[in-house]
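Could you have a look at this structure, given as structure tokens, before my questions?
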Amino acid sequence: MAGAKYVCRIGKTKPVFLISSLKNQFTCHTRKDVFCTHLRGITTTPFPEFQGDPQLKSHADLYNASLQNPDYFWGTLAKSRLQWFQKFNQVKDCDINKGHIRWFMDGKLNASVNCVDRYAKKTGDAIALIWEKDEPGTEEYVTYRQLSQMVNKMANMLKSSGVGRGDRVAIYLPTSPVAVAAMMACARIGAIHSVVFAGFSSDALAGRIIDADAETVITADEGVRGGKLIPLKQTVDAAVAQCPCVKRVFVYQRTGNDVPMNKLDISLDKEMACQSDVCDPEEMGSEDLLFMLYTSGSTGKPKGIAHSTAGYLLYAGITQKHVFDYQEGERFGCVADIGWITGHTYVVYGPLSNGATTVLFESTPTYPDPGRYWEMVQRLKLNQIYLAPTSLRLLLKEGNEWVTKYDRSSLRKLGCVGEPLNSEAYDWYNDVIGDGKCEVVDTWWQTETGGIAIAPRPSAKGAKIVAAKPMRPHFGIQPALMDKDGKELTGSNVQGALCIKSVWPGMARTIYGDHKRFLDTYYNPYPGYYFSGDGAHRCEEGYYQITGRMDDVMNVSGHRIGTAEVEDAMDNHAQVAETAVVGYPHDVKGEGIYAFVVPMGDVDPEEADALKAELKLMVKTVIGSFAQPDKILFTPGLPKTRSGKIMRRILRKVADNKPDELGDISTLVDPSVVEILVQRHSEEFKV
Ligand code: PRX
């Protein structure tokens, strides 16, 4: 691989080398850091595309145009921000009543060209990726030119083993340059990637591989997180044993430790080494699927949310630039794992489509100590940080000295996503992390929306930010709150089901292999509207605040977990007759998982702890350790209506220590069960 360099940064005191065999292919070298300093205060990044338009002077003009003249608004941006092989003929073909969403008809483009090639050509030495590896101070830098070489080689590797347009590729990798290259390589050859968070169990991974009918898996020998090794290959082996569809498994050497290599396994490092670094990109249609990403819903079966090439990419880029006011040369630090949508949109596609420098965070917020994020901010001179409220809640308990000892003056914008931002966490973020000099943007969006849908910025010049609220709809987003009867609530100070009545390019196109479920979940509940599954409140001033999920989905540390998924996992235990799982307020995780379990017969008190441990293990095996219940309560029965429906409202009140707010329980078949639940709960958890 002539001339290709995969760099690692030479640290201040000692050189840092790639520990994988990729080091044989890429030369390490030092580079001068190029930092960019900007004013930390409010700036509203202008849209150069509309600057000559006298009709579009203010933010309000732009917002109105995005709704009233979407063809002009999005068509102009798509032409100027994306690079096309063939221009589109029609901006959109959407019918929200039917959940029919199509953008940029007849256009042809390639996402990897947009995210990599155009910058490799123009500013090849600019840093594309900063791989913030698990051990602080061992970061590695990848320029756009180097990323391009990796992507081309990997694309050729996939192609030469038979992967082509429309094929699904499962990616089970740690957040790393190889993971980004794998996503881009798929995009380059027109394959659809399905990244599975590398914390999911083998069963969960297998389910996702089978649902996508993926023939190819890309994984690593091991992951490294918080100083611990994670046996990724072992998990993949157990998954692949259940997946007859899999024909090949590429294994990247993240640690280089020995792992058994089986019949289907191919060394990614060796295979890439013998590939050419030129791979012509496929000309993809705007609506060709770029990727799918599984997320939880109300049933036990996760949904493969599918995103398009052009619409998704445009929306990812626009939101990354304008919500965070990203300026050329800045360093964007979204600390999400690439296995979640935030990792897709704001670690990979958004920043790279803007030619930004993006951070790949491999570690945890508390490794090696609770100062990790802020030490990283100082060392890498990050200009934006984007994280989950759960990590703020965790870190603020550790005290301010973990923050104040590091220089955070490079920071301008502080983002958060994934769960409601409580005001204590907001204040700490704003006052301590940002020293009151940065802006906190609480962003609301979902796997399905593709990118940020409600956020305080962009906004009119000088517009205020109200603490801990996503506040304002983004361009193209027209929120609506619906009442119980399915009618839209008008005016201010109202609360209801959060829907969106407009169409925007980033919205999901389907659930892979189940379009009916897509329509039933998102479009049929409120005809003419996209239903988010969340509730929201619109205040006096018209700003939005999210009140939480309205369906049986929990939000644990910003991870979406279906109650049914956890129940299904525990129901498999031979000693379990039935379970009901609910979320309850948790001071760090936002929501904790509470499982009410009806065992077969009585549980011997001596054996209760052992059974609980087995149930947790079942959840770990079927889903992953992040979905294990925090609390398990054995009960002789569940509160059910005559039609057999579990009244989760009651379970939520019990779990939340609010027995006085149980409300009417007369419709239950056996109201006495409620008393037992309340009593056992208070005994077990000493409330
Ligand atoms: O309930 C909302 C919550 O996270 C859900 C989406 O989860 P997921 O698809 O995994 O994507 C997470 C990252 C985009 C939403 O339905 N959520 C997301 N952002 C916020 C939020 N809840 C409150 N405030 C937010 N800012």
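Worth knowing before you read on, the calculation uses all heavy atoms, side chains too, and leaves out hydrogens, waters and symmetry mates. In each ligand, atom 1 is the first atom listed, and ligand 1 is the first ligand listed.
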Checklist line | Numbering as shown, the atoms of ligand 1 that approach Pro420 to under 4.0 Å (heavy-atom distance) | finding: 22 (N), 23 (C), 24 (N)

Notebook entry, point to check: Quick one: are the ring centres of Phe596 and Tyr594 less than 6.0 Å apart?
Noted result: yes

Margin query: Tell me the nearest of Arg560, Glu419, Arg549 to atom 21 (C) of ligand 1, using heavy-atom distances.
Written below: Glu419

Notebook entry, point to check: Applying a 4.0 Å heavy-atom criterion (strictly less than), which segment of Asn555 is in contact with ligand 1: side chain, backbone, both, or neither?
Noted result: side chain

Notebook entry, point to check: At what distance is the nearest protein heavy atom to atom 19 (N) of ligand 1, and which residue and atom is it?
Noted result: Gly418 N, 3.1 Å

Next item on the list: Keeping the roles fixed (side chain from Thr563, backbone from Val582), state whether a donor-acceptor pair exists under 3.5 Å.
Entry: no

Notebook entry, point to check: Is the closest heavy-atom distance from Gly533 to ligand 1 below 4.0 Å?
Noted result: no

Note to self: Please list, in number order, the atoms of ligand 1 under 4.0 Å from a heavy atom of Trp445.
What the structure shows: 6 (C), 14 (C), 15 (C), 18 (C), 19 (N)

Check: Using heavy atoms and a threshold below 4.0 Å, how should the contact between Asp534 and ligand 1 be classified: side chain, backbone, both, or neither?
Finding: side chain

Checklist line | Glu330 with Lys413: basic N within carboxylate O range, under 4.0 Å | finding: no

Notebook entry, point to check: Which of the atoms in ligand 1, numbered in the order shown and given with their element, are less than 4.0 Å from a heavy-atom of Thr443?
Noted result: 19 (N), 20 (C), 25 (C), 26 (N)

Margin query: Between Thr547 (side chain only) and Gly535 (backbone N and O only), is there a donor and an acceptor less than 3.5 Å apart?
Written below: yes

Checklist line | Tyr294 ring center within less than 6.0 Å of Tyr512 ring center | finding: no

Item checked: For Val417, atoms of ligand 1 separated by under 4.0 Å from a heavy atom -> 13 (C), 14 (C), 19 (N)

Check: Is any NZ, NE, NH1 or NH2 atom of the basic residue among Lys303 and Asp514 found under 4.0 Å from an Asp or Glu carboxylate oxygen of the other?
Finding: no

Note to self: Donor-acceptor check, side chain of Tyr172 to backbone of Phe200, threshold 3.5 angstrom: yes or no?
What the structure shows: yes

Check: For Glu398, does the CD atom have more than 12 heavy-atom neighbours from other residues, nucleotides or ligands under 6.0 Å away?
Finding: yes

Check: Relative to ligand 1, is Val553 under 4.0 angstrom through side chain, backbone, both or neither, heavy atoms considered?
Finding: neither

Check: Is there at least one pair of N or O atoms, one from Asp442 and one from ligand 1, spaced under 3.5 Å apart?
Finding: yes

Note to self: Judged on heavy-atom distance to atom 11 (O) of ligand 1, which of Ile546, Ile341, Asp551 sits nearest?
What the structure shows: Ile341

Margin query: Give me the nearest non-hydrogen protein atom to atom 13 (C) of ligand 1 as residue plus atom name, then the distance to 0.1 Å.
Written below: Thr342 OG1, 3.4 Å

Check: Hey, are Glu541 and Lys464 close enough for a salt bridge, meaning a charged N less than 4.0 Å from a carboxylate O?
Finding: yes

